[in-house]
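Since the structure comes first, as structure tokens, the remarks are kept for the end.
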Amino acid sequence: MESILITPSNRQDLELLTSIAQRMGLKTKLFTEEEKEALGMAYLINEADRGKTVSREEVMKKLEE
């Protein structure tokens, strides 16, 4: 099943949305900013092109920029 991630603009909206979801019998999970960043990084890693290789020189050049 697919999921939805909603980021409310304030605490009141967060509580309202959580309450509505719970009344509908839906599971809810609150994520910290760090957890959202980790999910984003996991997604990017999963989507990365693993077939392409890059030389050490190219990596070092990018790090110097």
Side-chain angles (χ1 to χ4, degrees):
M1 175 62 69
E2 294 178 342
S3 298
I4 185 171
L5 176 64
I6 299 172
T7 304
S9 57
N10 57 55
R11 187 73 179 171
Q12 184 180 5
D13 289 347
L14 172 67
E15 291 171 2
L16 176 62
L17 290 167
T18 302
S19 174
I20 291 169
Q22 289 172 346
R23 286 181 189 175
M24 294 175 65
L26 303 172
K27 293 181 183 179
T28 60
K29 163 98 174 87
L30 298 179
F31 291 96
T32 64
E33 286 297 318
E34 292 81 19
E35 289 172 321
K36 289 192 293 184
E37 288 176 10
L39 286 170
M41 287 299 294
Y43 174 78
L44 291 174
I45 290 169
N46 190 45
E47 295 295 312
D49 180 5
R50 293 186 175 96
K52 182 179 176 184
T53 58
V54 180
S55 70
R56 184 178 196 285
E57 291 78 22
E58 289 180 81
V59 172
M60 297 307 289
K61 183 178 177 182
K62 283 289 185 186
L63 289 174
E64 289 174 358
E65 293 178 356

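- Atom CD of Glu65 has more than 12 neighbouring heavy atoms from other residues, nucleotides or ligands inside a 6.0 Å radius.
- Closest of all the heavy-atom pairs between Thr18 and Leu14 is OG1-O, 2.8 Å.
- Ser55 and Glu58 form a side-chain donor-acceptor contact under 3.5 Å, judged by distance and modelled atom types alone.
- Between Lys62 and Glu57 there is no salt bridge, since none of the side-chain N atoms of the basic residue sits less than 4.0 Å from a carboxylate O of the acidic one.
- Annotation for Lys27: atom NZ does not count as buried by contact number, only 12 or fewer foreign heavy atoms lying within 6.0 Å.
- The same ILVMFWY cluster, assembled from side-chain heavy atoms under 4.5 Å apart, contains both Met24 and Leu16.
- No more than 12 heavy atoms of other residues, nucleotides or ligands shown are found within 6.0 angstrom of CD on Gln12.
- Note on Leu5 and Leu39: same hydrophobic cluster, where clusters join Ile, Leu, Val, Met, Phe, Trp and Tyr whose side-chain heavy atoms are under 4.5 Å apart, directly or indirectly.
- In this structure, the separation between CG on Leu17 and CD1 on Ile4 is 9.5 Å, given to the nearest 0.5 Å.
- A donor-acceptor contact shorter than 3.5 Å links the side chain of Glu35 to the backbone of Thr32.
- The pair Glu33-Lys36 counts as a salt bridge, with a side-chain nitrogen and a carboxylate oxygen less than 4.0 angstrom apart.
- Taken to the nearest 0.5 Å, the CD atom of Glu37 stands 6.5 Å off from the CD atom of Glu34.
- There is a path of hydrophobic side-chain contacts, each under 4.5 Å, that joins Met60 to Val54.
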